[in-house]
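Inspection log for the structure reproduced underneath, given as structure tokens.
Proteins get letters first, then strands, A, B, ... in listed order; numbering begins at 1 in each.
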2 protein chains.
Amino acid sequence: MNTNDAVPALAAIAQEHRLAIYRLLVQAGPEGMAAGAIADALGLPPSSLSFHLAHLNRAGMIAQRRESRSLIYTADFERMNALVGFLTDKCCGGQPCGPLAQPASPPAKRA
Amino acid sequence: MNTNDAVPALAAIAQEHRLAIYRLLVQAGPEGMAAGAIADALGLPPSSLSFHLAHLNRAGMIAQRRESRSLIYTADFERMNALVGFLTDKCCGGQPCGPLAQPASPPAKRA
DNA sequence: TTGATATTTCCAGTATTATCGAATCATTGA
DNA sequence: TCAATGATTCGATAATACTGGAAATATCAA
């Protein structure tokens, strides 16, 4: 993760509807949700939803797979971990400092 | 932390220059940096820097204090922790799942 | 006071982003 | 093949954000 990746990733979730979409997908877990189900949950018109899903996808925050007629979206958890790691990189000059010590660095082993 | 706080917080760091400023301040630690030092480090014209600092400050990502003629800026570490916690809230429906288990939740005790 | 330093505010121009209806594309079942 | 379903793309409009020079504000030292 570097600045060129992080800025689009952050911009992707720095918007009311997209943040709602992303959090919904985080909560949905690896199974994900169909676009229609997201639209129902959030009350967004299809073209707006599609715009935001494409934005999140382009930024690598979510993934897409087709299941029959539906497109299923899932949150990319590793990307979020990488993003958090980047944001807190070299905290306090790398010295043991407290504020953000070991922020989300342990890269999440699957249970 | 809720959506109304998180969107401005994310938008604040979702911009090339502001992300650079923020990361610089994270690395600077609690001592922070004067506006002028930030400008020197990043090569930004003063009015632009001020614009971005105000943006970050309004969003609560950084704090400001005066020291003689200089305004010193510091990263707000707790805010970042709260933000990360919000983003990964109820991951996978709250079940033990792996992907983002205990992301940055331990709220960082000072060393 | 006066002058120098540090930083912000104002402003105008430019560029980017969000919205959503209508049209289109993809997949499936009959 | 046709109609129905699920979702995306297109296009026009409105709103918001970024940039940087010039002027204003705050602080300090002589």
Side-chain angles (χ1 to χ4, degrees), chain A residues 3-25 28 31-76, chain B residues 3-25 28 31-76:
Chain A
T3 297
N4 288 329
D5 292 335
V7 168
L10 289 165
I13 52 175
Q15 204 274 346
E16 184 187 348
H17 298 318
R18 287 197 297 270
L19 181 57
I21 293 167
Y22 181 77
R23 298 214 326 136
L24 198 59
L25 292 178
E31 289 177 28
M33 286 178 78
I38 300 171
D40 288 348
L42 301 179
L44 288 173
S47 65
S48 290
L49 177 67
S50 206
F51 169 83
H52 290 304
L53 286 171
H55 204 311
L56 285 162
N57 193 43
R58 224 182 307 126
M61 297 302 290
I62 64 175
Q64 184 194 57
R65 72 175 191 272
R66 182 174 281 278
E67 248 171 52
S68 175
R69 270 179 267 206
S70 296
L71 287 173
I72 312 289
Y73 288 91
T74 49
D76 187 328
Chain B
T3 297
N4 287 329
D5 292 335
V7 168
L10 288 165
I13 53 176
Q15 206 275 344
E16 184 186 349
H17 298 317
R18 287 196 298 269
L19 181 55
I21 293 167
Y22 182 76
R23 298 213 327 136
L24 198 59
L25 292 178
E31 287 176 30
M33 286 178 78
I38 300 171
D40 287 348
L42 301 180
L44 288 171
S47 65
S48 290
L49 177 68
S50 206
F51 170 83
H52 291 303
L53 286 172
H55 204 311
L56 284 162
N57 194 41
R58 225 181 307 125
M61 298 302 291
I62 64 175
Q64 184 194 57
R65 71 175 191 271
R66 182 174 282 277
E67 247 172 51
S68 174
R69 273 178 264 204
S70 296
L71 287 172
I72 312 290
Y73 289 91
T74 49
D76 185 329

Name the nucleic acid region contacted by [X], choosing base, sugar-phosphate or nothing; use a 4.0 angstrom heavy-atom cut-off, strictly under.
| X | result |
| --- | --- |
| Ala54(A) | nothing |
| Pro45(A) | sugar-phosphate |
| Ser50(A) | base |
| Ser47(B) | base |
| Ala39(A) | nothing |

Tell me: [atom1] of [X] to [atom2] of [N], nearest whole Å?
| X | N | atom1 | atom2 | result |
| --- | --- | --- | --- | --- |
| Asp40(B) | dT7(C) | CG | C1' | 13 Å |
| Ile21(A) | dT8(D) | CD1 | C1' | 14 Å |
| Leu53(A) | dG6(D) | CG | C1' | 13 Å |
| Arg58(B) | dT8(C) | CZ | C1' | 13 Å |
| Ile72(A) | dT8(D) | CD1 | P | 11 Å |

Looking only at dT8(C), dC18(D), dT19(D), the nucleotide nearest the His17(B) side chain is dT19(D)
Does a nitrogen or oxygen in the side chain of [X] sit under 4.0 Å from OP1 or OP2 of [N]?
| X | N | result |
| --- | --- | --- |
| Ser68(A) | dT28(C) | yes |
| Tyr73(B) | dA6(C) | no |
| Ser70(B) | dA6(C) | no |
| Arg66(B) | dA26(D) | no |
| Arg18(A) | dT17(C) | no |

